[in-house]
Visitor: 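I'd like to ask you about the structure that follows.
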Amino acid sequence: YGLENGSDWADACDGFTGRGLTGVSNATIVRSNNIVTITYAGPTNIAVGQMIQIYGTANNSLTGTFTVATVSGVGTTSLTYNQIGSNTSSSGSNAGWSSALVRGATYYVAGGNYTNQVNFSAPTSGTLYVYIRKASATTNSGVAGWDNTFETTQAVFTGDLNYNKAWIFGSDYWDIDGITGTGTSGYGIKVTYATVSPSQNVTFLISAGVSHVNLSHIEVAGQGSAYPGCQVGITSGINDSYWNINHSYLHNFSNVVSLNRPTTNNWIFEYNYIADEWTSSACHGESLNFTCSTDITIRNNIFDNFANGTGGIVVHPLSGSSTLCTASNWRIYNNIFRNSGNGGNGVIGTADSACSPYMNGLYVYNNTFINSAPKMVSFPLRTSPAVGCENTTPVLTNAFIYNNLVYNSTGCIVTAGQSSCNAANANVDYNYYNTATNIPTQTNKIISTESTSVLFKNYAGGDYRLTSGSKAVNAGAALGS
């Protein structure tokens, strides 16, 4: 399943080639497990991460493509051999993902079923990433034992309910890419559970205070509201930072991403499809929830059908704490929010709890709100503040809500209470409203009744790009970087 076991051995090859090389001959190979050291006389212009093709070994067992993990000096280069395979045993262990992976190397995962918990905890080495990719014919077909199903079959990680987690990140610097997938289908890698008991609380991906993680083209699938326990797609530990989740499909959770631990900073959530959020007596349903966090970017996503949850993007108090804190510098732009239903905390907002965080620096622009109710951006005063969490300062400061399109929505911007619709302490302007109510005061708003065929390219098909005849064209403010 991306690794090969084996003992030390030595061999010789006719040569190898790489970028910038015309060919190196008469090299000696020494291999220990998945580490290959090649000693040769010749040029040293080989870089970490470069792909090397080895050919002509004595038994052809090492012929194939390699990724350079380290370059140790003149005439000696360490390469990592990327064996392709699949762990299809129902009782198999994925323990090899932990400490055996080499920093700077790329590993390819074949399609198949991967059972039990996976712990990504290879020791760090400076800022070197471990790269994990879904296998593809383009990259891997020349490797011995290649089968086309390695590419066409999804790599499904079904987790281990004894631990309530499918993936755990225990060290920094991981880059995992399923390569394919868009919208609701075709993802190369999937993380889920085979079965979940109705009342069981489970977390699919968890981080234990880890930074610098990139996740791309991954489907993270919950079990849906038929299993009313609290199902969380991704949750974090203290001091998680520099994560980028992109081009992925996350669906059927009560909480899609729950980052309710302190000092969650520098997260980017982009080009994802988030759908079918729900709530239950065990868990409030929210698409993304954060606590005291800084530099959060949420852009170019589709949030679809979170009508049964309690909110969309929500700022929460510290878990189990009555300590007041501040969230700052959130940028939410170029997203589609569709079918938000009656989420009490708003499409974007804060929970009305005894010690909800303050928000200082909120930028909401160029978003499209379709069928949203009852609030678009909601930062109410605390109705029953705890000691030390009284409303002594505005809940929302330095907020800019510009260039948003609102269609068939009753939402408004709320800062003075759950039922008061106003734009206090927020800069609100240049927004477009069509079939909308509770519109806050602003100088350059557009209120229109133009039909969906004039407004959108294809409303029924979910294409919300503007037509050339729409009043919303070129009606927004020019925004800085």
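Quick caveat: nothing in here was measured; it's all calculated off a predicted structure.
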Visitor: Classify the angle between the aromatic ring planes of Phe290 and Trp267 as parallel (below 30°), tilted (30 to 60°) or perpendicular (above 60°).
Guide: perpendicular
Visitor: What pairs with Asp429 under side chain to side chain donor-acceptor pair (under 3.5 Å), at least two apart in sequence or on another chain?
Guide: Asn444
Visitor: Report the relative orientation of the aromatic rings in Phe369 and Phe337; use parallel for angles under 30°, tilted for 30 to 60°, perpendicular for over 60°.
Guide: parallel
Visitor: Listed by chain and number, what are the side chain to side chain donor-acceptor pair (under 3.5 Å) partners of Asn272, not counting sequence neighbours?
Guide: Asn301
Visitor: I'd like to check Thr294 versus Ile296 (side-chain heavy atoms, cut-off strictly below 4.5 Å). Are they in contact?
Guide: no
Visitor: Looking only at side-chain N and O atoms, does Asn371 offer a donor or acceptor that is under 3.5 Å from a partner on Asn408?
Guide: yes
Visitor: For the pair Tyr430 and Lys445, evaluate side-chain contact (heavy atoms from CB on, under 4.5 Å) and give the outcome as yes or no after the intermediate values.
Guide: CA-CA 5 Å; Tyr430 292 96; Lys445 64 180 178 292; over 6 Å; no
Visitor: Mind checking what makes side chain to side chain donor-acceptor pair (under 3.5 Å) contact with Tyr129, not counting sequence neighbours?
Guide: none
Visitor: Spell out, as yes or no, whether a donor-acceptor pair under 3.5 Å connects the side chain of Arg338 to the backbone of Gly462.
Guide: no
Visitor: Counting neighbours of OH on Tyr271 that are heavy atoms of other residues, nucleotides or ligands and sit closer than 6.0 Å, is the number greater than 12?
Guide: no
Visitor: Quick one: OG on Ser171 to CG on Asn119, what's the gap to the nearest 0.5 Å?
Guide: 8.0 Å
Visitor: Does the side chain of Val118 reach to within under 4.5 Å of the side chain of Ile168, using non-hydrogen atoms?
Guide: no
Visitor: How would you list, by chain and number, every residue that makes a ring-ring contact (aromatic ring centres under 6.0 Å, His included) with Tyr432, sequence neighbours excluded?
Guide: none
Visitor: Could you measure the distance from the OG1 atom of Thr297 to the CD1 atom of Ile268? Nearest 0.5 Å is fine.
Guide: 5.5 Å
Visitor: Just to verify, which of Val364, Leu288, Val315, Val314 counts as forming a side-chain contact (heavy atoms from CB on, under 4.5 Å) with Ile348?
Guide: Val364
Visitor: Apply ring-ring contact (aromatic ring centres under 6.0 Å, His included) to Phe150 and Tyr108, showing your working.
Guide: CA-CA 10 Å; Phe150 291 171; Tyr108 296 95; over 10 Å; no
Visitor: Show, in sequence, the C-alpha distance, side-chain angles and deciding distance for Lys457 and Leu466, and conclude whether the side-chain contact (heavy atoms from CB on, under 4.5 Å) test is met.
Guide: CA-CA 6 Å; Lys457 291 279 189 180; Leu466 299 177; over 6 Å; no
Visitor: Is the number of heavy atoms from other residues, nucleotides or ligands under 6.0 Å of Asp463 CG greater than 12?
Guide: yes
Visitor: Do Asn434 and Leu455 make a side-chain contact, defined as non-hydrogen atoms from C-beta onward lying under 4.5 Å apart?
Guide: yes
Visitor: Give the minimum heavy-atom separation between Ser141 and Ala137, together with the two atoms involved.
Guide: OG-O, 2.8 Å
Visitor: Where the side chain of Tyr187 meets the backbone of Gly183, is there a donor-acceptor pair that is under 3.5 Å apart?
Guide: yes
Visitor: If we ignore angles and hydrogens, is there a donor and acceptor under 3.5 Å between the side chains of Thr326 and Asn360?
Guide: no
Visitor: Apply side-chain contact (heavy atoms from CB on, under 4.5 Å) to the pair Met359 and Trp330, showing each step before the final yes or no.
Guide: CA-CA 9 Å; Met359 170 62 76; Trp330 281 36; 3.5 Å; yes
Visitor: Tell me the closest heavy-atom pair linking Gly112 and Thr153, and the distance in Å.
Guide: N-CG2, 3.9 Å
Visitor: Using atom types as modelled and distance alone, determine if a side-chain donor or acceptor of Asp240 lies under 3.5 Å from a backbone N or O of Gly209.
Guide: yes
Visitor: Just say parallel, tilted or perpendicular for the rings of Tyr333 and Tyr365, cut-offs at 30° and 60°.
Guide: parallel
Visitor: Distance from Leu362 atom CG to Phe400 atom CZ, nearest 0.5 Å?
Guide: 10.0 Å
Visitor: Can you give me the closest heavy-atom contact between Val454 and Ser470, atom names plus distance?
Guide: O-CB, 3.6 Å
Visitor: Under 6.0 Å between ring centres: does that hold for Phe169 and Trp243?
Guide: yes
Visitor: Please step through side-chain contact (heavy atoms from CB on, under 4.5 Å) for the pair Ile298 and Asn335, ending with a clear verdict.
Guide: CA-CA 8 Å; Ile298 302 168; Asn335 302 284; 4.1 Å; yes
Visitor: Can you check side chain to side chain donor-acceptor pair (under 3.5 Å) on Ser453 and Ser451, steps first, answer last?
Guide: CA-CA 5 Å; Ser453 62; Ser451 66; 2.9 Å; yes
Visitor: Considering only NZ, NE, NH1 and NH2 on the basic side and carboxylate oxygens on the acidic side, decide whether Arg331 and Asp295 come within less than 4.0 Å.
Guide: no
Visitor: Using side-chain heavy atoms (C-beta onward) and a distance below 4.5 Å, is Asn329 in contact with Tyr363?
Guide: yes
Visitor: Compare all side-chain heavy atoms of Ile176 with those of Ile189 and state whether any distance is below 4.5 angstrom.
Guide: yes
Visitor: Closer than 3.5 angstrom, by distance alone: can the side chain of Asp172 be matched with the main-chain N or O of Ser211 as a donor-acceptor pair?
Guide: yes
Visitor: Return the set of residues passing side chain to side chain donor-acceptor pair (under 3.5 Å) with Asn458 (not counting sequence neighbours), or none when no residue passes.
Guide: none
Visitor: Is it true that a side-chain atom of Arg103 and a backbone atom of Gly126 form a donor plus acceptor pair closer than 3.5 Å?
Guide: no
Visitor: So how far is it from Asn403 CG to Asn366 CG, rounded to the nearest 0.5 Å?
Guide: 5.0 Å
Visitor: Mind checking whether Phe303 and Tyr273 have side chains closer than 4.5 Å, heavy atoms only?
Guide: no
Visitor: How many angstroms lie between atom CZ of Phe269 and atom CG of Leu215, to the nearest 0.5 angstrom?
Guide: 10.0 Å
Visitor: Distance from Ile401 atom CD1 to Asn431 atom CG, nearest 0.5 Å?
Guide: 8.0 Å
Visitor: If we check side-chain hydrogen bond (donor to acceptor under 3.5 Å, both in side chains) with Asp177, which of these qualifies: Lys134, His217, His247?
Guide: His217
Visitor: I need the minimum non-hydrogen distance between Ser216 and Ser248, along with the two atoms involved.
Guide: C-OG, 3.8 Å
Visitor: Do the ring centers of Trp167 and Phe120 come within less than 6.0 Å of each other?
Guide: yes
Visitor: Does the side chain of Thr467 come within less than 4.5 Å of Phe456's, by heavy atoms?
Guide: no
Visitor: Would you call the rings of Tyr114 and Phe157 parallel, tilted or perpendicular if under 30° counts as parallel and over 60° as perpendicular?
Guide: parallel
Visitor: Can a donor-acceptor pair be found, under 3.5 Å and without considering hydrogens, that links the side chain of Asn334 to the backbone of Arg299?
Guide: no
Visitor: Strictly distance-based, threshold 3.5 Å: is any side-chain N or O of Glu450 a donor or acceptor partner for the main-chain N or O of Lys471?
Guide: yes
Visitor: With a 3.5 Å cut-off and no angle check, do the side chains of Asn305 and Asp276 form a donor-acceptor pair?
Guide: yes
Visitor: If you take all heavy atoms of Ala477 and Tyr402, which pair is closest and at what distance?
Guide: CB-CD2, 4.0 Å
Visitor: Side chains of Tyr459 and Tyr407: closer than 4.5 Å at any heavy-atom pair?
Guide: yes
Visitor: With Ala221, which residues qualify under side chain to side chain contact (heavy atoms under 4.5 Å, CB included), at least two apart?
Guide: Lys190, Thr192, Glu219, His251
